[in-house]
Amino acid sequence: MTDSTAVAEQRPSLDEFAALLDETLGRKSKIEGSVVKGTVVAIEGDHAVIDVGLKSEGRVPLKEFAAPGQPPEIKVGDTVEVYVERYENRSGEVVLSREKARREECWNRLEEAFKKGEKVEGVIFGKVKGGFAVDLGGAVAFLPGSQVDIRPIRDIGPLLNKPEPFLILKMDRRRGNIVVSRRAVLEESRAEQRKELLQTLHEGQVLEGVVKNITDYGAFVDLGGVDGLLHVTDIAWRRVGHPTEVLQVGQTVKVQVIPFNRETQRISLGMKQLEADPWEGVALKYPVGAKFKGRVTNITDYGAFVELEPGVEGLVHISEMSWTKKNVHPGKIVSTSQEVEVVVLEVDEEKRRISLGLKQALANPWEEFLEKHPLDSVVEGEVKNVTEFGLFIGLDGEIDGMVHLSDISWTEPGEEAIKKYKKGDVVKAVVLDVDVEKERISLGIKQLEEDPFRQAVTGLKRGDRVTCVVKAVTPQGLEVETVSGAPGFIRKADLARDRAEQRPDRFAVGEKIDAKVMNIDHANRRLSLSIKALEVEEEKQAIAEYGSADSGASLGDILGAALRQKQAELRQQTEPSAEAEAAEAAGETEKAAEAEAGQTAAATAEAEAAEVESAEESEAEPEQAAESEAKSKE
C-alpha cells in the first residue's frame with residue numbers, strides 16, 4: 001500500500017505534463033529562425049557536425065565557412081554562430097546554416113548603420129536592370145545608375161570588384177530589399193574637400209587633377225573635392241578638334257587656375273598656359289611677304305587654316321587661294337593635312353591673326369601672259385562663253401580674255417557680228433590691253449584687219465571736195481559713200497543753198513553728187529558732208545575770180561562770166577557733135593542766170609555768204625571735239 005502510494009507520487013501529474021509540453025514546444029518556436037552559438041564536435045567529409053545544446057546535433061556544409069576562392073578555416077572545438085532553420089528534420093537532426101547566420105548578422109549590422117546614418121562598405125559585382133548589384137558583406141543591395149557618381153559615368157569598369165563606401169537610402173528586411181548610394185558619400189566628402197580647397201584656391205595656382213569626364217567642348221578635372229572645366233581651347237596652343245585627341249578619362253594632368261569666381265564657385269582651368277606662348281614675337285618670325293611651308297589643319301566655307309608651327313595658325317581666305325578658281329569651295333583646292341607653301345600677307349600679333357596667301361606663292365598668270373603676249377600681238381583661243389556684251393576667249397594659264405561687241409567687226413554692228421560666233425569656236429584676236437591689277441585682258445577681232453574707214457579717208461581733210469554716190473534717202477538727209485569707200489551723211493539743211501531746194505526727194509539712190517567735207521568723225525566712222533557749203537564756196541571763188549564789189553559789176557554779170565567759162569571748159573571735153581547743143585544750152589543758161597542775178601541784190605548774196613560762213617564755224621566746233629575724241633580713243 002505504502003509502495004504504491006510512493007510510486008503514484010513520483011509520476012507527474014496532468015498539469016505538470018502539460019507544462020513540460022508547453023516548455024518543449026515553446027522552446028522549439030523560439031529557437032527556429034534565430035542565430036545561436038554552437039561548438040564543432042566533428043568534421044565528417046564535407047560537413048561539420050555542430051552541437052548547439054539541443055537534443056541532437058546539426059550538420060553544416062564546409063563551403064559555408066570558406067571565403068570565395070579559399071579553403072574553409074574551421075576545426076573541431078571552434079565556436080561558431082549558425083542559423084537554426086528547423087528544430088528537427090525527418091532524421092531527428094537540427095537543420096543549421098552558417099550562410100544564413102552571416103546574413104542575419106549582416107542585416108543586424110546594416111540596420112544599425114541605417115538608423116545611425118553611417119556609411120557601409122560594399123563591392124559592386126554585377127549589373128542589373130536600372131543599376132548595379134552591391135555585396136555588403138552577406139547582403140545584396142541595389143545601386144541605382146543615378147547614384148553611382150555625381151555625374152553620369154559611361155564606363156563602370158574601373159569601379160567593379162573594388163571596395164567602395166555606400167550610404168543606405170532605404171531597407172526592408174521583410175522583403176529583403178536594400179537601396180544604397182555611392183553618390184551621397186561622394187557629395188558629402190566632396191563638400192568637405194571643396195570647402196577646404198576653395199579657401200586656398202587663387203587665380204594662377206598650379207594644381208594636379210584627374211580627368212573625370214570628357215565632352216565635346218572640354219574635360220572636367222577633379223582637383224580633389226571640386227571639379228574644374230578645362231575648355232578645349234585651353235588644352236594646347238595648337239588646334240585641338242576634340243579633347244579625346246589629347247586627354248582620356250582617369251588621366252592625371254597638371255593644370256593652372258585661369259579665372260575663378262568665388263560667388264558661383266566656377267573654376268576654369270588651362271593646360272596651355274603652363275607652356276610658352278608661341279605667339280610672342282610672331283611678327284618677327286613671320287614677316288609680311290615672306291614665304292613659308294605649313295600644314296592644312298581645318299577647311300571652312302570661307303577658307304583654310306594653315307599651321308605654321310604648333311600653336312600658330314594663319315587663315316588663307318578663299319579669295320587668296322587661286323588666281324583663276326574664284327567660285328570654288330576651298331576643299332576642292334586643298335585637303336586636310338596637306339603641306340602647302342604660303343606667303344604672309346598680314347600679321348596682327350595683338351588679335352593673334354595671320355593672313356596668308358596661297359596664290360601669291362605661285363606666278364601671276366596675267367603677268368606671265370603679258371610677258372609672253374605684249375600689246376598688239378595675236379593670240380588664239382577657244383570661245384568659252386557668248387554674252388550680250390561680247391565674247392570670252394580661253395587663253396594660256398587658265399585665264400580668259402574678252403572681245404567687246406565694238407571690237408568684233410569694222411563694218412557690222414556688234415549685235416549682228418556676234419551672231420557669227422558660238423561656244424567652242426577657235427578664233428584669233430589681237431591683244432588690246434592687259435590690266436594685271438584688275439585681272440582683265442581686252443582682245444579685238446576686227447583689229448586683225450586694217451580699218452577700212454581709215455584707208456578711205458587717208459589724205460582727206462576738212463574742206464576737200466569729194467564725189468559721192470547716194471546710198472539711201474531719208475527724211476533727215478542723204479546717206480552717201482565716197483568713191484574711196486568712206487560712208488558719209490548730208491543733212492537736209494546742207495542739200496542746197498536755196499531753202500526751197502533742200503528736199504531729200506530731189507535725189508535718187510545711185511546718183512552721183514559733189515559735196516564738201518565738213519567733218520571726219522573717226523569715233524562714229526562717218527563723214528559729215530555739205531552741198532550747200534560747196535555751192536557757197538564756188539560762188540565765192542567766182543566773185544573772187546571774175547569781179548568784185550568795187551568793179552561795179554553786178555552779181556549776175558559775175559556769175560554769168562563764171563558760168564560761160566565753165567561751159568567753155570565743158571565744151572572742150574565733149575564731142576564736136578555736141579558743141580552746138582552745149583552752146584545753145586549755155587546761152588539759155590546764161591540768160592537765165594543774168595535774169596536771176598539781176599533780180600537778186602548783191603546785199604542778199606553777201607548775207608547768204610555770211611550765213612554759210614557762220615554755219616561752217618558752228619560745224620567746226622563739234623568737228624574739232626570729234627577729232628579730239630577720236631585721237632584720244634586712238
Side-chain angles (χ1 to χ4, degrees), residues 211 214-221 229-248 251 253-256 258-259 268-366 397-399 437 439:
V211 179
I214 294 178
T215 65
D216 292 337
Y217 53 86
F220 289 94
V221 179
L229 174 62
L230 175 61
H231 197 268
V232 63
T233 57
D234 291 315
I235 294 176
W237 290 109
R238 65 180 178 84
R239 180 183 294 273
V240 178
H242 195 273
T244 53
E245 297 176 9
V246 182
L247 305 172
Q248 57 184 2
Q251 179 181 347
V253 294
K254 187 176 286 187
V255 293
Q256 181 179 353
I258 315 175
S268 296
L269 306 174
M271 286 176 61
K272 72 179 185 181
Q273 286 76 7
L274 298 174
E275 302 174 355
D277 186 356
W279 281 88
E280 291 182 1
V282 73
L284 298 175
K285 289 189 288 185
Y286 302 101
V288 174
K291 190 182 295 184
F292 296 93
K293 285 187 177 181
R295 182 178 60 89
V296 179
T297 57
N298 191 28
I299 297 175
T300 64
D301 292 337
Y302 53 85
F305 288 91
V306 177
E307 184 182 60
L308 300 176
E309 66 174 76
V312 178
E313 287 185 350
L315 172 65
V316 181
H317 193 265
I318 186 172
S319 62
E320 307 295 343
M321 302 199 79
S322 174
W323 289 110
T324 56
K325 298 175 182 178
K326 300 298 182 183
N327 298 318
V328 179
H329 191 274
K332 295 185 178 181
I333 300 176
V334 295
S335 58
T336 306
S337 300
Q338 178 183 346
E339 188 175 280
V340 294
E341 195 171 34
V342 293
V343 173
V344 179
L345 304 180
E346 184 182 356
V347 179
D348 190 335
E349 192 169 338
E350 185 178 347
K351 293 183 179 179
R352 293 175 178 264
R353 293 178 181 174
I354 298 180
S355 297
L356 303 174
L358 191 65
K359 69 181 184 181
Q360 286 78 2
L362 306 173
N364 188 330
W366 281 271
E398 297 183 352
I399 58 178
E437 185 178 347
E439 299 180 355

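Please read these numbers as outputs of a predicted model, since none were measured by experiment. Scope of the values below: all heavy atoms of this structure, side chains included, with no hydrogens, waters or symmetry mates.
Scored by the side-chain contact (heavy atoms from CB on, under 4.5 Å) test, L362 finds W323 as partners (sequence neighbours excluded). The side-chain contact (heavy atoms from CB on, under 4.5 Å) search around V282 returns W279, Y286, V312, V347, E349, I354, not counting sequence neighbours. Considering only residues two or more places apart in sequence or on other chains, E341 meets the salt bridge (charged side-chain N to carboxylate O under 4.0 Å, His left out) condition with none of them. Residues passing the side-chain hydrogen bond (donor to acceptor under 3.5 Å, both in side chains) test with T233 are H231, sequence neighbours excluded. The side-chain hydrogen bond (donor to acceptor under 3.5 Å, both in side chains) check on N327 picks up nothing, with sequence neighbours excluded. For K272, the side-chain contact (heavy atoms from CB on, under 4.5 Å) criterion is met by D234, W237, not counting sequence neighbours. Residues passing the side-chain contact (heavy atoms from CB on, under 4.5 Å) test with S268, sequence neighbours excluded: P259. Remark: E346 pairs with no residue by the side-chain hydrogen bond (donor to acceptor under 3.5 Å, both in side chains) rule, at least two apart or across chains.
Within 6.0 Å of the CD atom in E245, the count of heavy atoms belonging to other residues, nucleotides or ligands exceeds 12.
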Could you list the donor-acceptor pairs under 3.5 angstrom formed by side chains in residues 330-340, with sequence neighbours left out?
from : atom 1 : to   : atom 2 : distance (Å)
S335 : OG     : Q338 : OE1    : 3.3
Q338 : OE1    : S335 : N      : 2.9

Taking distance alone, no hydrogens or angles, what donor-acceptor pairs closer than 3.5 Å link side-chain atoms of residues 292-299 to residues at least two apart or in another chain?
from : atom 1 : to   : atom 2 : distance (Å)
R295 : NH2    : E307 : OE1    : 3.0
T297 : OG1    : F305 : O      : 3.3
T297 : OG1    : E313 : OE2    : 3.0

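Closest approach of Q248 and I214 over heavy atoms only: CA-CD1, 3.7 Å. Residues I235 and L247 come closest through the heavy atom pair CD1-CD1, 4.1 Å. Between V342 and L356, the shortest heavy-atom contact is CG2-CD1, 4.0 Å.
The distance from atom NZ of K254 to atom CG of L269, rounded to the nearest 0.5 Å, is 14.0 Å. Here CG of L229 is found 5.0 Å from CZ of F220. Values are rounded to the nearest 0.5 Å. Atom OG1 of T324 and atom CD1 of I399 lie 9.0 Å apart (nearest 0.5 Å). Atom-to-atom distance recorded for K325:NZ and K359:NZ is 14.0 Å, nearest 0.5 angstrom. Rounded to the nearest 0.5 Å, atoms CG (L315) and CG (L345) are 10.0 Å apart.
Counting heavy atoms from C-beta on, the side chains of D216 and H242 come closer than 4.5 Å.
Listed by first then second residue, pairs satisfying salt bridge (Lys or Arg N to Asp or Glu O under 4.0 Å) with a partner in residues 274-290 read D277-R352, K285-E309, not counting sequence neighbours.
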